[in-house]
Every structure is written in structure tokens, then in C-alpha cells.
Amino acid sequence: MHWIDWTIIATYLTWIVWDGLRMTKRAHNIEGYFLASRSIPWWAVGLSVMATQLSAITMIGTTGQGYVFGMSLLQYYYALPIAMILVSLTFVPFFHNARVFTAYEYLERRFDGKTRSLTALLFLLSRGMSTGVVISAPAVVLSVMLGVDVTTTCLLIGLPTALYTMFGGVQAVTWTDVKQMFLIVFGLVAAVIVLIMGLPDSVGIGEALTIAGATGRLQTMDFRVDPTITYTFWSGTLGALFLFVSYFGTDQSQVQRFLTARSVDEARTSLLMSAYWKIPLQGLVLIIGVFMFLFYIFTPPPMLFNPVHDRQIRQSARAGDYLALEQRFSDAIEARRKAAEAAAAMDRGGDAVARSLSEAAFLGADERVKQVRAQAVELVREVSGDRTYNDVNYVFPTFVMTHLPVGLIGLLMAAIFAAAMSTISAELASLSTATVIDFYRRFGHGQSADDRKLLIVSRLSTGAWAVFASVVAVFAAEMGSLIEVVNRFGSFFYGSILGVFLLAIGWPRANGTGASVGLFAGMATVGYVATTTSIGFLWHNLIGAVAVFVVGVIVSAITGGRPVPASGAR
Amino acid sequence: VKGMSRAYVRVLIVWVVTLTALYVFQRAFS
């Protein structure tokens, strides 16, 4: 990489730490540190919500998904606007008016101490682990792209974030999120422009999109009713609705964002910002993948997008097989390019029969490219011994490194860092808040502890979580499959935690015993469904929430319920 | 409260328009 690009990355990292540390003076008490004294304007909260949700995995993984599978992943986000309205109507006024620091604090007022501790503990476990993954996934890819070892990239992502979050608190998290969000969107738009300009003059955007459409990559709605297909219109609108209500309404990393708003209505307005912009933004990320597919039809792609494996095989005993495959790959790519040009020409002037014939020829040529690439991937799996190997996450970074001009490469790499850091900072702050408020202050070191002492403990707790997440990150980077395990681990209780909150808000006679028993029943049900059926993971959220709610209602009734409070004590 | 109700209705309208546009986009290029 050119020194100019390195300078841009270094400037970004230095500037963001400086910018975050400037906020330290505003975090002089515990409310300032964890909730920014509830003083953040709605638009900054809204951008922070979006920046927290958009991680580096979105930038490198989702663009790769768009390249391989097209737009179908977009369906995952269709329920988000509805979820935002539901969260605005229910959780936002409850938490804001209760003047709580954490979502779990509210559960003690409504149920009892054990329900609060249990949900807070589940949050700490899953979020602590997943923060490690949010560091390690981009760290692995960046280490290959930048040619430095993975521990270094873990530290490059984790250390600056830990620094400004530890000292600047939520003020720093929010205001750096805002700037990081602008950098991310700028990077994505720049990538789309370069990709469109990279198409040959003889092929217009409309014709190019027709080619992508022929491969099924522009399918944005799949109406098949089959719970085993992961992304359909139904799983995206129903299953994901429960996931998003759970994430935005009960996950401290998001709840903390809207608790910093000045009023209930400003908090609601900040959430509605995502309701408007999330689907278009995710569409932009996925269309980058589709345009990369089109770009690489007319510009020969590498056979493998991960250069480390490419080198590894060339030096192995199977180098001969690899070279032969490469020759076949290059022939298949050339044949596909010609077929695509013919299809584009027919799209401009041919009749219906000629159009469908040329389209079929293109699809056949594309299929041959896919077959050769599948063989190459299989070869990597044999040589490296890694049965789960695939290079989806390397498509976008490889495109950036090889086809963007100097300067823009540095900016896009900085944008990937920004996407990772904006998520990690919010997660570290939320982990520290739950640790201090739901455990440290709750047990023994009570309400009487003075603010200065709590502030020191909070900063130390943020630092400790950063160390924990970095250790998980380094381990996860070495064992690729750990990432998958952590993701599945989280999905086991997302719906169940939502069930507890639904019980709290929606069933006045529910009691603490019902909520705790329901929580275990929900997790057990999801565990059973996940291990014994092939029902897609988005449905697990709905199943978990319903199981907790039903069991919670029954157990509450059996154990005597709870007298309905006279007014407003819910 | 009235202001927020209007905001929710606006979100719903934009949501329906977005999904319809995506459906039309899919049909146009498939």
C-alpha cells in the first residue's frame, strides 16, 4: 500500500482518539459518563444508533454476500421500520421515564433482583464475546490486506477505541459515531461511483443490471413459505421483527444510545432516522456487491480473493493442479465476458427470442466460472485443512486494494476501521454500564458510593472489557469457527430476553418467578429448535419470545401472580 | 403526541413506498 494511504489511516486513528478524548471533561460524573447527562440532540443519537449497528462485518461481509448471492439479504431489514415504531411506542417511554441507566435495572423495579441479574448477566456474556468477534472479523481481513499480523490489527482496532471510550464515556462514543458514520457513507458512495465508472463504455447501467438480474442477484423479495430458507419476505418481516425489537429495545448497547437523548420524543425521533435510512443504506452495501460482480465480468478477477491462500497453494505440492485450474478459470472468465457483451447487445436491439438465447448462453458461461472457482476453493480446503474456508469476506477489500486510486484506498480502509470502532465503542460502554450499575452498585457498593469513585470504577470496567474483548478477538482470529459459535450463542437468547421484557410491559399479572422460569424455558426451546430442526435462525427470535411469554404467564398464574399496582408503578 | 403519530404514519408510508419500489425494481430486471 502507498505511503499516502498509510498516512490517511494513521491520521484517521490519531484524529478519532483525539476527538474522543476531548469529551473527557464532559464526563465528570456518572450520569455524564454513561448517559451524556441526557443532553445529545436527536440527530446525533440517530446517527450513533446507525453507526453502532453497522459494523465492519457489514462492510466486508455483506458486500461479499452481495457479490455471491445478490440482494436477497436485504429482506432481513424489512421489519426494521416497524420495529422502530414499536420500540418508540413501548420501550422508549418506559426506560426514559423510569430514569434508568440500563434496561435491566427496570426489570428489578418490575419483577425482582434475580430477573435483573440474570438478564444483565446474559447480556454481559453474549455482548462481551461478540465484541471480540466484531474486532477479530475485520482484523483477520485487514491483516491479510495490509500485510501485518493479526494481533497488530486487533490492537489497531481495539486500542484506540478502548482509549477514547474509557476516558470520554458515552459523549465520546456518540460524537465519534457521528463522524465515523459520515466517513463510512462517503466510502460506500465512492466505491459505487468507481464501480459504475469501471463498467465498459459499450455496456450501459440498465444492460448491466439486466445481466445481474438474470443471475437472480437482484431478487429483493422471496415469497416462498419455507421456514428452512434463511432469508424470505416472511422471515424478514416476521422473524426479524422480533430480533430488531429485542436488539433496539432491550440490548443495552442500543438502549444506551436513546437514553442519552434530551426527551422521550427526541429519543423516538432518533430511532425513526434508522426507520427511514436503514433499508436504503443496506441496499447500498449490497448493490456494491452486485456491481463488483458486474465489474469482475468485464475485468478479470483473481481466482481466489484471499492472497495468502493463493500464495500458500502456489508453494504447495498441489501447485501444478492450481496452475491448471487457473488456466481453465481464465478461459471461463473470457468466455463469460464475451457472453455478457453479447447479452448486453441483444438487450439493446434483439428480439425476445434472441434475448433469452443470449441470456441462457451467459448463464451457462457464469455456471462454468462458478464450477472452476468451487474447485479452487476445494483445493484450498484440502491444502490448508480448513474445511470451512471461503473467501466471501475478501472480495470487497481486494477490490478496494487493487482497483481504487491511491488516497481512496486509505479512505476506504479508514472507513472499515471506523465501522468496527463505532460498534465496539458503544458495546464497551454498554458492557461497562451493565457491570457497574447492575452488579457493582447493585451489590454492596450501593447507592452511597460517591460519584468520583463510581467514575473511576466505570473507567476501569470499560478498560477491563476492552482487554477481555481483545483476548477473545485474538483467539477467535486463530480459530475461524469460533466466530460462528459466538454468533449462534447470541441468537440462543435474543428472543428470550425480549420475551422477559414483553412479559414486564405487556402482562400486568406476571411476576418475577414467572419471568425467570420463562427465560430458561425460552432458551431451552430455542436450543432444542436450533439443534434438532433446520428452521432458519430468524425464526428462533420469535419462538424464544413466544415461549418465554407463554411459560411466564402460566408460571405467574400458578405462583399467585402479582397484584395489579394502583397506578403507574409498572 | 400528535406530532409523533404523524411521524409514525410518515414512516409507514415511506416503508410501503420503499418495498413497492424494490418489488418493481426486482420485476424490471428479472
Side-chain angles (χ1 to χ4, degrees), chain A residues 42 70-72 74-75 77-89 92-93 205-223 233 236-237 263-283 286-287 290 294 347 359, chain B:
Chain A
W42 65 269
M71 306 282 289
S72 65
L74 193 59
Q75 297 171 107
Y77 296 93
Y78 287 169
L80 193 139
I82 307 300
M84 287 310 201
I85 293 178
L86 293 177
V87 171
S88 297
L89 286 170
V92 173
I205 291 187
E207 291 141 23
L209 287 175
T210 307
I211 293 171
T215 66
R217 279 184 174 78
L218 296 185
Q219 186 175 22
T220 53
M221 283 175 201
D222 182 341
F223 292 108
F233 184 78
T237 45
S263 68
V264 173
D265 277 356
E266 286 215 20
R268 287 168 161 158
T269 312
S270 72
L271 288 181
L272 295 189
M273 201 164 160
S274 283
Y276 285 117
W277 289 105
K278 186 64 197 179
I279 297 176
L281 186 66
Q282 208 61 31
L286 286 166
I287 206 84
V290 174
L294 292 167
D347 194 45
E359 201 176 288
Chain B
V1 176
K2 204 173 166 190
M4 281 321 295
S5 305
R6 284 203 190 126
Y8 298 145
V9 172
R10 270 199 300 275
V11 168
L12 285 175
I13 293 170
V14 172
W15 184 64
V16 172
V17 170
T18 307
L19 291 194
T20 311
L22 283 168
Y23 184 68
V24 171
F25 175 73
Q26 165 178 329
R27 292 299 298 251
F29 293 106
S30 65

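Every chain is numbered from 1 and lettered A, B, ... according to where its sequence line falls, protein lines coming before strand lines.
Listed for the A:Q75 side chain is a donor-acceptor partner under 3.5 Å among the backbone atoms of A:S72. Side-chain atoms of A:S274 never come within 3.5 Å of backbone atoms of A:S270 as a donor-acceptor pair (strictly under, hydrogens ignored). Between the A:R217 side chain and the A:A212 main chain, no donor and acceptor come within less than 3.5 Å of each other.
By the 4.5 Å heavy-atom criterion applied to side chains, A:I211 and A:E359 are not counted as neighbours.
For B:V14, the part lying near chain A is the side chain, with the backbone staying farther off; criterion is any non-hydrogen pair under 4.5 Å. With a 4.5 angstrom heavy-atom cutoff, A:I279 touches chain B only via side-chain atoms. Residue A:Y77 does not touch chain B at all, counting heavy-atom pairs closer than 4.5 Å. With a threshold of 4.5 angstrom between heavy atoms, B:R27 does not approach chain A through any atom at all.
Highest contact tally toward chain B, considering only A:L89, A:L209, A:T210, is held by A:L209 [criterion: heavy-atom pairs under 4.5 Å].
One finds the OG atom of A:S263 at 4.5 Å from the CD atom of A:E266 (value rounded to the nearest 0.5 Å).
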side-chain contact (heavy atoms from CB on, under 4.5 Å) between B:Y23 and A:F233, worked out: CA-CA 11 Å; B:Y23 184 68; A:F233 184 78; over 6 Å; no
Worked verdict on B:Q26 versus A:M221 for side-chain contact (heavy atoms from CB on, under 4.5 Å): CA-CA 8 Å; B:Q26 165 178 329; A:M221 283 175 201; 3.6 Å; yes
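Taking 4.5 Å as the heavy-atom cut-off, the residues of residues 78-85 of chain A that approach chain B are A:Y78, A:P81, A:I82, A:I85, ordered by number.
Applying the side chain to side chain contact (heavy atoms under 4.5 Å, CB included) test to A:T269 and every residue at least two apart in sequence or in another chain returns A:W42, B:M4.
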